[in-house]
Protein chains: 2
Amino acid sequence: MNTPLPNQPVRGSHSGVAIMAVFDLLGRKWNMRILWELRTGPQTFRTLQENCDNMSPSVLNNRIKQLADARLLATSPTGYQLTELGNTLMTTLDPLRAWASVWEKQL
Amino acid sequence: MNTPLPNQPVRGSHSGVAIMAVFDLLGRKWNMRILWELRTGPQTFRTLQENCDNMSPSVLNNRIKQLADARLLATSPTGYQLTELGNTLMTTLDPLRAWASVWEKQL
DNA sequence: GTATATTGCTACTTATTTCGTAGCGAATTG
DNA sequence: CAATTCGCTACGAAATAAGTAGCAATATAC
């Protein structure tokens with residue numbers, strides 16, 4: 001499973017359009033969640049795993065590599081943390097929380 | 001595969017917190033892409049399939065049902081289209097395009 | 001009004017992804 | 001130096017997605 005990056009073909013699309021790479025990357029299970037959990041600060045492998053409902057370590061490890069390839073997270077002395085890019089992504093996804101609560105009310 | 005909805009347990013989380021349901025739903029392959037393709041207007045089953053890189057009809061059908069359950073899309077005389085909720089979701093995801101292009105530049 | 005094409009699917013098989021569990025080697029703590 | 005914690009790998013089982021064929025219903029063409 002290769003890491004979807006802009007300017008190169010991604011799963012299901014050969015256009016290389018950046019937004020398609022985003023959909024491919026974030027559409028893989030756990031990726032959005034992992035970034036979300038790291039919003040509030042760095043976490044170790046095992047803490048992150050616990051916070052992501054004990055997702056399997058093999059998948060977590062795989063995801064960490066993908067997200068690192070995509071320059072959205074990086075390792076630090078205190079654990080994995082968002083890069084600047086990862087942070088700005090989370091900021092653009094931030095309004096999702098508000099949307100989710102509207103959604104919740106309407107259902 | 002059940003449809004993740006707020007206020008009920010979703011894959012990997014039993015909290016019922018709305019944002020987790022969003023991650024579960026949007027984290028499934030094609031869901032974000034399908035909504036994105038419908039941004040600009042209604043599409044028939046087969047057109048949608050073509051625009052989603054000829055995804056398999058079985059999965060498309062499955063996703064349509066999920067997204068309809070989640071009240072994000074509905075059928076109309078001219079094909080499938082976003083509901084009001086679906087539209088507001090796409091609006092909140094709109095800044096992703098801008099982020100994606102920054103991402104592209106930095107890689 | 002009958003042949004042709006298109007549309008929305010379903011069925012089924014195969015491939016890929018994800019899960020779940022066990023556990024190892026390195027670093028840290030007592 | 002024993003015990004724990006940590007990051008991670010291996011690997012079989014389960015779930016999900018892909019790929020292909022095709023059918024029934026409606027629309028279009030002649």
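Because the structure is predicted, anything quoted here is derived from the model rather than measured. Order of the sequence lines fixes the chain letters, A, B, ..., with proteins taken first and strands second; residue numbering starts at 1 for each chain.
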**Q.** Test item: A:T83 side-chain N/O and A:A74 main-chain N/O as donor-acceptor pair under 3.5 Å
**A.** no
Q. Does B:W103 use its side chain to pair, donor to acceptor, with the backbone of A:A70 at less than 3.5 Å?
A. yes
Q: Please list, by residue number, the residues of residues 62-74 of chain B whose heavy atoms come closer than 4.0 Å to an atom of DNA chain D; answer none if no residue qualifies.
A: B:R63
Q) Just how far, in rounded Å, is C1' of C:dC24 from CZ of A:F45? A) 14 Å
Q.
Rounded to whole Å, how long is the line connecting atom CG of A:L60 with atom C1' of D:dG7?
A. 10 Å
Q | Between P of D:dG7 and CD of A:Q49, the distance in whole Å | A | 10 Å
Q: Give a yes/no verdict on a cation-pi contact between B:R33 and B:W30, requiring under 6.0 Å between NZ or CZ and the six-membered ring centre and an angle within 45° of the axis.
A: no
Q: Measure from the side-chain N and O atoms of B:T91 to the backbone N and O of B:N87, and report whether any donor-acceptor pair falls under 3.5 Å.
A: yes
Q.
Let me spell it out: for each of B:S58 and B:Q43, pick the nucleotide of DNA chain C with the closest heavy atom. Which residue's pick is nearer the 5' end?
A. B:Q43
Q | NZ/NE/NH1/NH2 to OD/OE distance under 4.0 Å, A:D69 and A:K65 | A | no
Q: Establish, with yes or no, whether the OP1 or OP2 oxygen of D:dG7 is under 4.0 angstrom from a side-chain nitrogen or oxygen of A:N61.
A: no
Q) Whole-Å distance between D:dT16 P and B:R28 CZ? A) 7 Å
Q | Toward the 5' end of DNA chain D, by each residue's nearest nucleotide, B:V59 or B:R46 | A | B:V59
Q) Can you tell me how far P of D:dG19 sits from CG of B:D53, to the nearest Å? A) 11 Å
(Q) Can a donor-acceptor pair be found, under 3.5 Å and without considering hydrogens, that links the side chain of A:N31 to the backbone of A:L25? (A) yes
Q) Rounded to whole angstroms, how far apart are CG on A:L25 and P on C:dT17? A) 14 Å
Q. Once you round it to whole Å, what is the distance between P of D:dA18 and CG of A:D24?
A. 10 Å
Q: Output yes when at least one side-chain N/O atom of A:K29 is less than 4.0 Å from OP1 or OP2 of D:dA15, else no.
A: no
(Q) Check this one for me: any side-chain N or O of A:W30 less than 4.0 Å away from OP1 or OP2 of C:dC19? (A) yes
Q.
Regarding B:T44, tell me which of base, sugar-phosphate or nothing describes its non-hydrogen contacts under 4.0 Å with the strands shown.
A. sugar-phosphate
Q.
Rounded to whole Å, how long is the line connecting atom CG of B:L48 with atom P of C:dG8?
A. 10 Å
Q. With A:Q49, which residues qualify under side chain to side chain donor-acceptor pair (under 3.5 Å), at least two apart?
A. none
